[in-house]
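A note on names: the letters A, B, ... follow the listed sequences, proteins ahead of strands, and every chain is numbered from 1. Computed from a predicted model, the values in this text were never measured in an experiment.
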Number of protein chains: 2
Amino acid sequence: MIKVLLADDQALVRGAFAAMLGLEPDIEVVAQVSAGDEVVAAARRTTPDVALLDVQMPGKDGLSAALDLRQAVPSCRVIVCTTFGRPGYLARAMAAGAAGFVVKDASPEQLVDAVRRVHAGLRVVDPVLAAESLATGHSPLTDRERDVLAVARDGGTVADLAKALHLSEGTVRNHLSAAIGKTGARTRAEAVKVAEDSGWL
Amino acid sequence: MIKVLLADDQALVRGAFAAMLGLEPDIEVVAQVSAGDEVVAAARRTTPDVALLDVQMPGKDGLSAALDLRQAVPSCRVIVCTTFGRPGYLARAMAAGAAGFVVKDASPEQLVDAVRRVHAGLRVVDPVLAAESLATGHSPLTDRERDVLAVARDGGTVADLAKALHLSEGTVRNHLSAAIGKTGARTRAEAVKVAEDSGWL
DNA sequence: TCACGATCATGACATCTGTCATGGCCAGGT
DNA sequence: ACCTGGCCATGACAGATGTCATGATCGTGA
């Protein structure tokens with residue numbers, strides 16, 4: 001019997017996943033949480049074999065939750081599951097010690113298969129995404145460039161960004177300029193889009 | 001026996017929903033599609049009582065699919081289901097003849113409850129979202145302003161927008177200016193964000 | 001019929017943005 | 001000790017952006 005922990009902020013999909021996995025005779029859902037910072041506590045209580053973590057979650061995202069979980073409960077293997085097949089996510093998930101990476105476009109069979117394979121000690125990765133990840137490579141952005149782009153996401157002016165980051169406007173413009181150059185974009189908004197789609201934010 | 005049609009582009013959640021609904025003794029999933037333009041054909045084939053449509057889908061979004069479905073198969077009631085609880089979506093869903101509106105944050109019980117209520121001829125709407133929808137009101141944007149903002153989403157320059165819409169740059173700037181004013185934003189990017197979050201795009 | 005509002009366009013203007021040159025500070029590696 | 005590279009800052013400049021005034025066309029409804 002494979003004990004599974006589910007973490008997803010959307011109650012409906014969480015419940016649906018539980019129902020689907022519960023249909024398998026060798027799988028049992030032992031815990032469900034809706035936030036990243038509840039993962040470790042629930043895992044300590046229920047000692048699952050496999051944890052299925054969504055990337056987008058309130059409190060703490062699935063990637064850093066995976067890191068914490070690997071340290072707190074090493075016996076529990078992690079599958080990261082996300083709506084968006086962004087190359088950067090895969091890289092970060094693997095760096096965080098995840099054993100599997102599944103996109104929500106996958107078929108139900110692929111998910112239960114992933115659970116079984118990961119439980120057996122194998123690694124499971126979408127080959128298409130893996131190739132894309134290798135092609136995209138590591139984020140070219142420095143930490144500050146990433147920060148500036150992240151704040152620039154909600155469309156403020158340079159003055160707003162400077163205030164939010166406690167920097168001078170000139171510095172913000174420099175970081176933006178660098179980020180725009182590195183992403184191959186022509187506008188700040190385009191740079192945000194590229195970085196977001198690549199999973200660099 | 002309530003016959004249900006599922007439409008969602010993510011195979012995993014679609015399968016999970018099917019498993020969950022399948023557990024109910026009085027519900028049967030008779031069709032599953034992954035794109036908006038497959039809905040009507042599948043409904044004609046299987047004559048479902050209730051159709052559960054996601055808003056985000058390739059081909060044709062859930063809202064216009066709902067409209068088509070109401071005309072093609074009037075006996076089939078529609079529940080629109082979405083990740084994002086944007087006020088504008090609710091308004092458009094209702095205008096398209098939907099009988100129910102469910103956010104993916106809802107509990108599994110609420111969904112099956114919604115299916116049963118809608119099948120019984122009732123309307124099902126998240127009260128919180130309904131209030132927000134009424135507060136936000138109808139989109140203040142004209143069609144062209146909406147178009148311009150929609151194209152501006154991926155961060156091109158004014159020249160790019162003008163080319164894409166076959167307009168002069170001055171006109172594009174005017175529409176943008178109007179949209180920025182109406183949304184209470186200070187930048188084009190902010191305006192895009194506001195309009196997007198309100199479901200006006 | 002006439003007023004109104006949406007659409008499209010032009011031109012002018014102040015401001016904002018993106019780029020570049022330059023320089024100082026600091027940590028890590030040779 | 002020295003070089004490299006990230007970080008912060010300033011100042012200057014061309015080009016893009018947002019605003020405004022003005023005017024023309026067109027369809028709708030009073």
Side-chain angles (χ1 to χ4, degrees), chain A residues 88 91-92 95 136-201, chain B residues 88 91-92 95 136-201:
Chain A
R92 279 197 275 166
T136 306
H138 182 259
S139 169
L141 303 174
T142 66
D143 288 347
R144 276 294 181 262
E145 287 157 6
R146 195 204 68 90
D147 291 345
V148 173
L149 275 193
V151 179
R153 263 190 296 193
D154 37 45
T157 71
V158 173
D160 296 337
L161 307 189
K163 206 161 293 175
L165 296 167
H166 304 289
L167 292 177
S168 88
E169 299 193 11
T171 302
V172 169
R173 285 207 296 250
N174 285 337
H175 286 313
L176 279 176
S177 186
I180 289 170
K182 289 179 179 177
T183 53
R186 303 168 60 85
T187 336
R188 137 187 4 183
E190 236 176 56
V192 167
K193 211 173 142 47
V194 170
E196 214 165 24
D197 289 350
S198 302
W200 294 338
L201 298 187
Chain B
R92 280 198 273 166
T136 305
H138 183 262
S139 169
L141 302 174
T142 66
D143 289 348
R144 275 293 180 266
E145 286 158 5
R146 195 204 68 90
D147 291 344
V148 174
L149 274 194
V151 179
R153 262 190 296 192
D154 38 44
T157 71
V158 173
D160 296 337
L161 307 189
K163 205 160 292 173
L165 296 167
H166 305 290
L167 291 177
S168 88
E169 299 193 10
T171 303
V172 169
R173 285 208 296 250
N174 285 337
H175 285 314
L176 279 176
S177 187
I180 290 170
K182 288 180 179 178
T183 53
R186 304 168 59 86
T187 333
R188 144 191 353 190
E190 235 176 57
V192 167
K193 208 172 145 48
V194 170
E196 216 165 24
D197 290 349
S198 302
W200 294 338
L201 297 187

Could B:D147 and B:R144 be called an ion pair, given the rule that one side-chain N must be under 4.0 Å from one carboxylate O?
yes

Within the structure shown, what part of the strands sits under 4.0 Å from A:R186 by heavy-atom distance: base, sugar-phosphate, or nothing?
nothing

Whole angstrom is fine here: how far is it from NE2 in B:H166 over to C1' in C:dT7?
16 Å

Given that A:A178 and B:K182 both sit by DNA chain C, which one's nearest nucleotide is further toward the 5' end?
B:K182

Which nucleotide sits closest to the side chain of B:S177: D:dG18, C:dG18, C:dC20?
D:dG18

Closest approach of A:L161 and A:R188, non-hydrogen atoms and distance?
CD1-NH1, 4.3 Å

Any side-chain heavy-atom pair from B:T183 and B:E190 closer than 4.5 angstrom?
no

Is it true that A:D143 and A:R146 make a salt bridge, defined as a side-chain N closer than 4.0 Å to a carboxylate O?
no

Could you check whether any side-chain heavy atom of A:K182 comes within less than 4.5 Å of a side-chain heavy atom of A:T142, counting everything from C-beta outward?
yes

Rounded to whole angstrom units, what separation is found between the CG atom of A:D147 and the C1' atom of D:dG6?
13 Å

So if I take every side-chain heavy atom of B:S168 and compare against C:dT7, C:dA9, D:dT17, which nucleotide ends up nearest?
C:dA9

B:R173 side-chain N/O to D:dT19 phosphate OP1/OP2 under 4.0 Å:
no

Note the angle between the end axes of the helix from C:dT1-D:dA30 to C:dT30-D:dA1, five pairs defining each, rounded to 10 degrees.
30°

For B:T157, which contact category applies under a 4.0 Å heavy-atom criterion: base, sugar-phosphate, or nothing?
sugar-phosphate

Does A:T142 have a side-chain nitrogen or oxygen under 4.0 Å from the phosphate oxygens OP1 or OP2 of D:dG5?
no

Using whole Å, report how far CG of A:L161 lies from P of D:dC7.
16 Å

Taking CG from B:L165 and C1' from C:dA9, how many angstroms apart are they, rounded to a whole number?
15 Å

Out of D:dT17, D:dC8, C:dT19, which has the shortest distance to the side chain of A:R144?
D:dC8

Does the pair A:L176 and A:L149 meet the rule for a side chain to side chain contact (heavy atoms under 4.5 Å, CB included), with working shown?
CA-CA 7 Å; A:L176 279 176; A:L149 275 193; 4.1 Å; yes

Once you round it to whole Å, what is the distance between P of C:dC16 and CG of A:D160?
11 Å

May I ask you to evaluate whether A:H175 reaches the phosphate of D:dC7, defined as a side-chain N or O under 4.0 Å from OP1 or OP2?
no

Determine whether a donor-acceptor pair (N or O, by modelled atom type, separation under 3.5 Å) exists between the side chain of A:T187 and the backbone of B:G156.
no

I need the CD-P distance between B:E169 and D:dT17, as an integer number of Å.
8 Å

Whole angstrom value for the distance that separates P of C:dT7 from CG of B:N174:
12 Å

Please report the distance, rounded to the nearest Å, between CG in A:L167 and C1' in D:dA9.
10 Å

Between A:T171 and A:V148, does a side chain to side chain contact (heavy atoms under 4.5 Å, CB included) hold up when you go through it step by step?
CA-CA 10 Å; A:T171 302; A:V148 173; over 6 Å; no

Selection from D:dC7, D:dG18, C:dT17 that lies nearest to any side-chain heavy atom of A:D143
D:dC7

